[in-house]
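Please read the structure below before turning to the comments.
Along the sequence shown, residues are numbered consecutively beginning with 1.
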Amino acid sequence: MPLAGFSLVELMIVVAIVGILSAVAIPSFSAYLMRSRTAEAVQFLGAIKLRQEAYRAEFGQYCDISTYHPAIASLDGSNPVPWGATPAAWDQLGATPDPYVRFSFRTVAGTPATPPPAALGYDTSNLDFWFYSQAVGDLDDDSTLVTFESYSESSRIWVSDAKGWD
């Protein structure tokens with residue numbers, strides 16, 4: 001009685017099918033992974049916007065935190081880094097992200113006497129107190145930084161042309 005099994009041709013067909021499925025699945029999975037990593041930036045920029053509005057309601061102006069935290073140079077790309085000790089300005093604003101982050105954050109604020117940078121596209125004919133918040137990160141450790149920005153006069157989030165992933 002001969003042993004039952006698979007022929008070499010049948011095994012090669014299975015290997016080819018698995019290879020084709022992998023070739024389709026890996027790019028889709030990578031794109032999904034990068035999109036999920038960007039959720040941190042979008043979520044915390046929304047939290048900053050809410051805290052900035054509460055800060056202005058209490059103090060009459062927005063909170064200015066011009067220095068990135070954690071420092072952009074400390075970002076690892078594909079691995080989150082510790083937020084570390086919260087700087088006093090972030091405590092004053094009352095905004096703190098998760099203990100480990102993939103992005104560096106800052107929020108720059110100004111008064112009507114100090115107009116925002118022209119590149120931001122603000123309407124300077126009717127200046128008021130303003131702020132913009134940024135999240136900068138390297139999502140896949142290729143030294144390409146992606147920037148997310150939100151502004152006091154808009155509910156939209158801007159994303160840089162450099163996406164931070166291939």
| Is the closest side-chain heavy-atom distance between Val101 and Glu40 below 4.5 Å? | yes

| Ile26: which other cluster members, linking ILVMFWY side chains closer than 4.5 Å, directly or transitively? | none

| query | Does Met12 share a hydrophobic cluster with Val14, counting links as ILVMFWY side-chain heavy atoms below 4.5 Å and allowing steps through other members? | reply | no

| CD on Gln134 to OH on Tyr68, rounded to 0.5 Å | 3.5 Å

| query | Out of curiosity, does Phe44 fall in the hydrophobic cluster containing Leu50 (side-chain heavy atoms, cut-off under 4.5 Å, transitive links)? | reply | no

| task | Output the distance between atom CG (Leu93) and atom CD1 (Ile65), rounded to the nearest 0.5 Å. | result | 5.0 Å

| Can you name the closest pair of heavy atoms from Arg35 and Thr38 and give their distance? | O-OG1, 2.6 Å

| request: Please work out whether the ring planes of Trp90 and Trp83 are parallel, tilted or perpendicular, with thresholds of 30° and 60°. | output: perpendicular

| task | With rounding to the nearest 0.5 Å, note down the distance linking CZ in Arg51 to OG in Ser133. | result | 13.5 Å

| Ser66: partners by side-chain hydrogen bond (donor to acceptor under 3.5 Å, both in side chains), with sequence neighbours left out | Asp64

| message | Is it the case that the side chains of Ser152 and Gln52 hold a donor-acceptor pair, with the cut-off being a distance below 3.5 Å and no angle test? | response | no

| request: Mind listing the closest non-hydrogen atom pair of Ala109 and Cys63 along with its distance? | output: CB-O, 3.5 Å

| message | For the backbone of Gly110 and the side chain of Thr114, can you confirm whether one donor and one acceptor N or O come within less than 3.5 Å of each other? | response | no

| request: Specify whether Tyr132 and Trp130 have parallel, tilted or perpendicular ring planes, treating 30° as the upper limit for parallel and 60° as the lower limit for perpendicular. | output: parallel

| said: Nearest 0.5 angstrom please: Tyr62 OH to Lys49 NZ, how far? | reply: 7.0 Å

| said: Quick check on the hydrophobic clustering: are Val24 and Tyr32 connected, directly or via other members, by side-chain heavy-atom contacts under 4.5 Å? | reply: no

| request: Spell out, as yes or no, whether a donor-acceptor pair under 3.5 Å connects the side chain of Asp142 to the backbone of Thr144. | output: yes

| said: Could you see if Trp158 belongs to whatever hydrophobic cluster contains Val108? Use Ile, Leu, Val, Met, Phe, Trp, Tyr and a side-chain cutoff under 4.5 Å. | reply: yes

| Within the distance-only criterion (no hydrogens, no angle test), does the side chain of Ser36 pair as donor or acceptor with the backbone N or O of Leu33 below 3.5 angstrom? | yes

| Minimum heavy-atom separation for Ala41 to Ala135, with atom names? | CB-CB, 3.7 Å

| message | I'd like to check the side-chain hydrogen bond (donor to acceptor under 3.5 Å, both in side chains) partners of Gln61; sequence neighbours left out, ordered by chain and number. | response | none

| message | Return the CD to CD1 distance between Glu53 and Ile48, rounded to the nearest 0.5 Å. | response | 12.5 Å

| request: Could you pull out the closest heavy-atom pair between Val81 and Ser74, with the gap in Å? | output: CG1-O, 3.3 Å

| query | Does the pair Phe103 and Phe148 meet the rule for a ring-ring contact (aromatic ring centres under 6.0 Å, His included), with working shown? | reply | CA-CA 10 Å; Phe103 290 86; Phe148 291 79; 5.7 Å; yes

| request: Work out which heavy atom in Asp138 is nearest to a heavy atom in Leu75; give both atom names and the distance. | output: N-CD1, 4.4 Å

| query | Any side-chain heavy-atom pair from Leu139 and Val146 closer than 4.5 angstrom? | reply | yes

| field | Value rounded to 0.5 Å, distance of OG1 in Thr147 from CD1 in Ile157 | value | 13.0 Å

